[in-house]
J.: 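The structure is given below, and queries will be raised subsequently.
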Amino acid sequence: MYQALYRKYRPATFTDVISQPHITNTLRNQIISGKTAHAYLFTGSRGTGKTTCARIFAKALCCENTKDGDPCNECEICRAADEFALSDIIEIDAASNGSVDDARELREAALYTPERCRYKIYIIDEVHMLSKDAFNALLKIIEEPPEHVKFIMATTELHKVLPTILSRCQRFDFMRIRTEDIAARIMSVCEAEGISIGEEPAELIAKTADGGMRDALSILDRCIAFSDNITIDTVSEATGIAGRGHLFGLAGAIADRDAAKGLDIINEMYSRSKDMQRLCEELILQFRNVLIAVTAPARMNIIVCLPSELDIIREIAGKCDAQRVMGIIEALGECTQKMRSSVSKRIDMEMCVIRLCAEAAQTVQDTGGLAERIESIEERIRQGIPAAAPARRPSPRDKFEVAPKGLQLINNWGEVIDRVNASMPSVGVYLAGSTGYIQSNYLIINTKNDKMLAGLLADGSDIELRFLMAVSETVRFALEKKRIGYKAELDKSGASPAEEDAPEEKKLSLDSVLKTAGENGVEVIIDGA
């Protein structure tokens, strides 16, 4: 039966473990001196040797013929441990045995003495998956276990382990395995398997594995399935690195601020059933490579790509600065987060690309204009000429005439609300249920949302100007100022035809409305004529 390479070539001694000398030397010395702790916690990313070191350490603790702190791998105990037949070394997967009942069973079983070895050793993998109650159930026995019991715990998510557990363990942090060490191990395994491989393919596998030896050997397994002669092309095909022209095309379109080209590529990828969220994530990784090329061109060795793609990355990097690349990565990251609860990932991706192209163009345009203005001001200062006054903002008076004086109800106020909702929804939402009036060049708004609306439409702000311009274009009069308040009586001035037929004593005259508005804090200008 075929055995996966990562299982077949799993280290059997501390000497075989690579890139973790700070851990293997310490554990080996503890075995030699006999000064071992009662609880250990191994933490680090996947594939860095946590479970492997836990098994080697457990086997060495039980072995009767250790060699310089390593297990002999020859005695009956070592062979039984390698075959998972040693009852005194118990491996527990916390992901499927993480309840408080499982913890209580472990605590009770730990009281019994070992059958064949000096110690009963519990290896708890993915210990962060234990429930809080399970952690609490183990606290006491982890702190003061019987002399014959030792705990070795491993986790990839240290932050999920309770501080009370951390303080009771010796903690060992496993580093990501260096690229050159992974490549050397790949070459060694291929030689043992009779597989032909060069240094470049081995290095590409090592880079793609991202510091995990298990991932590297899994990739090698896939490459061997393709061919016994592993080349750069074999690795690229097996890992999916090949055929990434669309990624560089999309990255280049963003760098060139070519939204149309970017949309064409997204459409092509969508028609090929490419997952948009995955596309966005891959694009982030490519711009990470671009960022390295921009900020640290001497560190191109940490870029994960084919050698032929380095020139493309350098070309894209030449079109961007570091600030812009970081902005692109942040925008793509936000887009990825949004896609997780999105109705249409394609639309999110298209909007993100359009925004990146548009914002880049706008930034360049604004920067260029700003530079020209600064240069003009500096030249005026050198010549002793006062700087030109800022251009006057366009006003509704430029397009429309001022309304006649006197308070007038805006009969088509509903159209005004619809228009504002379409162009300024943050303002339009607070116009619901309001009434509008015109008094010369003043817009008077009677609304229960007066405080909120007044805060949004601050005097002299750009949003106030846009709002007044939108209202002016609807009512066809130049409204340049506003007053906002609320009085229930003021709404009666906009009488409907049915109300006009009401008895005379129930009608409100214009004079009474103006008087009521003035008494209740709504400022009104009355034409003396």
Side-chain angles (χ1 to χ4, degrees), residues 176 178-179 200 203-211 215 232-233 235-236 239-270 272 274-339 345-346 348-368:
R176 289 185 185 274
R178 294 179 300 177
T179 300
E200 288 189 356
E203 185 177 351
L204 182 57
I205 291 175
K207 287 182 177 180
T208 307
D210 193 25
D215 288 359
I232 286 286
D233 292 338
V235 177
S236 62
T239 58
I241 295 178
R244 297 194 302 172
H246 63 278
L247 276 178
F248 292 105
L250 189 53
I254 293 174
D256 293 333
R257 308 177 186 91
D258 189 346
K261 180 180 177 182
L263 292 177
D264 288 340
I265 295 174
I266 292 173
N267 181 61
E268 181 182 356
M269 291 299 100
Y270 185 78
R272 294 182 184 180
K274 177 72 174 181
D275 182 74
M276 292 293 104
Q277 184 172 341
R278 179 60 182 163
L279 175 64
C280 193
E281 292 170 353
E282 291 177 352
L283 196 59
I284 291 174
L285 295 178
Q286 289 309 314
F287 273 105
R288 174 258 183 189
N289 293 338
V290 172
L291 183 61
I292 292 173
V294 171
T295 58
R299 296 291 182 270
M300 300 294 280
N301 60 306
I302 63 176
I303 291 178
V304 181
C305 70
L306 295 172
S308 58
E309 295 173 344
L310 285 176
D311 292 337
I312 303 175
I313 291 174
R314 290 192 183 99
E315 181 182 351
I316 296 174
K319 301 175 183 178
C320 309
D321 56 23
Q323 192 66 32
R324 185 182 171 210
V325 177
M326 287 188 288
I328 291 172
I329 293 175
E330 288 178 358
L332 291 172
E334 292 174 0
C335 181
T336 303
Q337 292 288 339
K338 186 178 180 181
M339 284 180 178
K345 296 180 180 180
R346 176 186 183 180
D348 289 333
M349 188 68 195
E350 289 174 337
M351 288 175 60
C352 182
V353 170
I354 292 171
R355 189 179 298 114
L356 287 173
C357 294
E359 286 179 355
Q362 185 65 35
T363 299
V364 170
Q365 181 180 355
D366 292 347
T367 303

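All residue numbers in this chain count up from 1 along the given sequence.
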J.: Is the backbone of Ala293 close enough, under 3.5 Å, to the side chain of Arg314 for a donor and an acceptor to pair up by distance?
T.: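 No.
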J.: Can you tell whether the side chains of Arg355 and Glu334 come within less than 4.0 Å, N to carboxylate O?
T.: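 Salt bridge: no.
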J.: Are Ile266 and Met276 side-chain neighbours, meaning at least one heavy-atom pair lies under 4.5 Å?
T.: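 With C-beta onward as the side chain, the pair touches.
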J.: Which atom names give the shortest non-hydrogen contact between Ile303 and Ile313, and what distance separates them?
T.: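 Closest heavy-atom pair between Ile303 and Ile313: CG2-CD1, 3.9 Å.
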J.: Any side-chain heavy atom of Asn267 sitting closer than 4.5 Å to one from Leu263?
T.: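 No; the side chains remain at least 4.5 Å from each other.
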J.: State, yes or no, whether a side-chain contact exists between Glu282 and His246 at a heavy-atom distance under 4.5 Å.
T.: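 Glu282 vs His246: side chains touch.
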J.: Could you tell me whether the side chain of Leu247 reaches within less than 4.5 Å of the side chain of Leu279, counting heavy atoms only?
T.: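 They are in contact (side-chain heavy atoms under 4.5 Å apart), so the answer is yes.
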J.: Could you note down all residue pairs passing salt bridge (Lys or Arg N to Asp or Glu O under 4.0 Å) where residues 261-270 supplies at least one of them, sequence neighbours left out?
T.: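 Residue pairs with at least one partner in residues 261-270: Glu268-Arg272.
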J.: Does some side-chain heavy atom of Ile232 sit less than 4.5 Å from a side-chain heavy atom of Leu204?
T.: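 A side-chain contact under 4.5 Å exists here.
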J.: Looking at every heavy atom in both Ile316 and Phe248, which two are closest together, and how far apart are they?
T.: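 So the minimum-distance heavy-atom pair works out to CD1-O, 4.0 Å.
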J.: Could you pull out the closest heavy-atom pair between Arg324 and Leu356, with the gap in Å?
T.: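 It is NH2-O, 4.5 Å.
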J.: For Ala206 versus Thr179, what's the shortest heavy-atom pair and its separation?
T.: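 That would be CB-O, 3.4 Å.
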J.: Between Thr295 and Ala322, what is the shortest heavy-atom contact and its length?
T.: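 In this case the closest contact between Thr295 and Ala322 is CG2-CB, 3.6 Å.
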J.: What are the two closest non-hydrogen atoms of Thr336 and Cys280, and how far apart are they?
T.: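 Looks like OG1-SG, 3.2 Å.
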